[in-house]
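Lettering follows sequence order; numbering is per chain, from 1.
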Amino acid sequence: MIVENTQTQMRKGVLEYCILSIIAKGEIYASDIIAELKKAQLLVVEGTLYPLLTRLKNNGLLSYNWVESTSGPPRKYYVLSDEGKNVLEQLDKTWQELAFAVQTSIGERKVKTER
Amino acid sequence: MNKTIIININGIVFHIEEDAYEILKNYMTDVKRHFMNSADSLEITTDIENRIAEMFNELLAGENKQVIVEQDVNSVIGQMGTVEDFEKSEMDTEPTFSDTYYNSTSSRRLFRDPDDHLLGGVAAGIANYFDVDVVWIRLAFALSFLFAGTGIILYIILWIVIPKAVTRADRMAMKGEKLNLQGFKKNFEEELGGMRNNLSNLHHEARPFVYKARDFTGDFVHHLGTFFNGAAKVLLKLIGIALILTCAGFLVFFTVAFIALLSVGYFGPFHELPYQILRHHHADYIFIAGYIVAVVPLISIMMLVLKSIFNVGSISRSGGTAALIIWLCAVGALVYNTVGIASEFQSHASVVETIALQPTKDNVYYIKLNDLKYFSAEDSVRLNIKNLSPNMKVADDDDNDFQSFSHRNIRLNIETSDSGQPVLIKSSRARGPYYEDAFNNARNIKYIFSQKDTILKFDQRFYGKNDELWHDEEIDLTLKLPKNAKVVIDHDVDRIANFSIHDCNEINKKDYDKVTDATFVMTDNGIQCKVDTLVTDTIIRKHLPVDSSKIK
C-alpha cells in the first residue's frame, strides 16, 4: 500500500509535468496526448487524463479550441496558456533539481533498469 | 440474431447490441458515479463520452460494420480504463477526503434494513446510519416502549417515514459503502458468500439474544409484518365484513318485522301511533313496499361488497337492472301510499261544546278520575260484558293497553267562571281529508264525563268511533267554576290536569302518599292552591268527614 501510494504520488507529479510538456509542443488532441504518454509508458488508460486536463484547464494552465472532426463529435484541442508556459518553465527547473537530487541520492547504488 | 438498440452519444447515433449496451450503460454509470463528487463532473464525463463516440466511429469505420458489439465496448473500455484504473491513479489525490467521505454518516442514508429486522428494520436502519451496534438502538426502543408506549408510536412513525432499503444501491447507501462498481461487486460477493455460509446461522452465534427473541416472536412478527404491509387490504376487508354484518343484521330485522306485521299485524302494535295511521290503508301493500325499499339496497350492498372486496359471487347487469326496477316500483308504491295517508290530514275542524253543570250548594266541587272503564257497544258485545256478575266492575287502569292510547289523552284546565255558573267547555279537534270529514271526525269523538252532586268525574281519555282511523283528534276540557269555590282534587287528576296537585300538597307540607287529594280555591286569577291556615283548617275539618264518606 505504501509502495503503491508513493508510486502514485511520484507518477502523479511527473504526469502533470509530462502533459504540460507534451502540450507545449503544439495544439494537441486528448487521444494524441494519450498516445504520447503511452509511448512514454506513463499512463495506461485514457479515462484518467480527462479529469487532469479539466483541472489544469481550470487552473488556467491550459485552454482548448473546438475543432470539427470527421470521425465523431467536435474535438477539444488543447494549448498551453501563458501562465501554463510560466508554470512549465518553473517545473523544468524543478525537474532538473529533482533529477539531480534523485541521481545524487541513488549515487553508486545499482538500480535495475527494466526498459 | 441479436436485438439492437439505437443510442445517442452527445448527438451521434449508434446502433448497439443489447448486451453491449448493458455493459456500456453500466460503465458510464460507474464513471459518472466516480466523478460525481468532482466539481467538473459534467465536463469530464462529456469528454469521456465524446471520446467513446469517436472511438466507436473509428471502430465502425475501420471494420466497415454497422453495429457496435460487446467486443467493441470492451475494447473501448479497455482503452478508456475502468473506474478501478482511475482510482489507482488518483488513490492518494485526496486520500483523507475520500476515506472520511465514504465512511462518514453524511453519505449514509437512512433506510429500514430488510436484512436484519425484528419488526420493520427501523432499529437496524438507525444503527447502520449512526454506525453503532443495533442492540443499543433496540434496547433504547425497548426502554422507550415502557414509557407510556411513546416508543411504539415513534417506532410506527419511523416505520412509515423511513423507506425500506429495496435495491442493492439502497443497502449500500444505508451502510455507507461506496456506490461504484467495486462497491457493488464487494456487496454482491458478500451477499453470495453470506448465502453460502448461511448468514442466519452466523448471526445466531453472533447475536444470540436478538435471534432468540426473533425465534420466539418469529411467527407473531411475521404476521404483524404482513398485517402492516397489507394493512390497507385487511382494513378494507374488515370494513367489508362490518358492512356485510350490518346489512345482514338489518335484513334479519326487517324480515322479522315484515313477517310479524303481515301475520299478527292487526292485533299487534296498532295501538301505537305510526301503525294506527297505517291501519286499513292497504297496510299490507305498504309493508311489502317498505320491505322491498329497505331490503333491495341492503342485498345490493352486500353483493357489491362481496364482489369488490372478497371477489365472491357475481352481479349480472340484467339482475341489477331488475333489482333497480323492483326497488323503484316499491318506492313508487310507498310514496303513493304515504301521500294517501298525508292527505287524510289535510283539513282541520274543531267543535266546541259547552256543558252546563249543576251548581253545588256550598260551592264545593270534588274532582276525580273516572275509574270505570267504558266500552263501546261492539267491545262490550265482543267481551261479553253483559254476562259479568252485577257486582263486578271493569276498572280502568293505565297498564291495560286495551284502547288506552296515549294519543287519546285529554288535558284538563280549570278556570274561574265569568258567569258565576259552573260550566264545562269541551273543545274537540280533528283532521280529515276534507273539512266535512274533519268535522265529522271531531264530532265523533266520545268523551265521558259525569257529575253526581258535588263530584265531577273525568275520564282520562276520549274514545273514537270503534275501528276509526287516527285523525289527530284532540280534546281540551276547560272547567269553569264560580269564584271562591272550593275545589278538592284527587291526586290521580294530576295525569290530565295542566296544574300540579302535587305541588299544592308540598306547599301545605302534606305527605303526598298519605293524603289522596288537595284543596284549591277559585280566585280572580284562576285556580290557586289553598294554603292551610287556622281558618281553612276548620273548613277542611268541617267538610272532610262528610266528603270522604261520599267518596267511599
Is the [atom1] atom of [X] crowded by more than 12 outside heavy atoms at less than 6.0 Å?
X	atom1	value
B:Gln71	CD	no
B:Phe14	CZ	yes
A:Gln103	CD	no
B:Gln66	CD	no

- CD1 (B:Ile48) and OG1 (A:Thr48) are apart, to the nearest 0.5 Å, by 9.0 Å
- Here the gap from B:Arg51 atom CZ to A:Tyr29 atom OH, rounded to the nearest 0.5 Å, amounts to 5.0 Å
- Contact leader toward chain A among B:Thr45, B:Val31, B:Asn57, B:Asp47, where contacts are heavy-atom pairs under 4.5 Å: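 Ranked by contacts with chain A, first place is B:Asp47.
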- Choice from B:Glu43, B:Glu49, B:Glu58, B:Met55 maximising heavy atom contacts with chain A below 4.5 Å: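 Highest number of heavy-atom pairs under 4.5 Å: B:Glu43.
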- Query: Most heavy-atom pairs under 4.5 angstrom with chain B, which of A:Ser31, A:Gly47, A:Pro74?
  - Reply: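 Highest number of pairs under 4.5 Å: A:Gly47.
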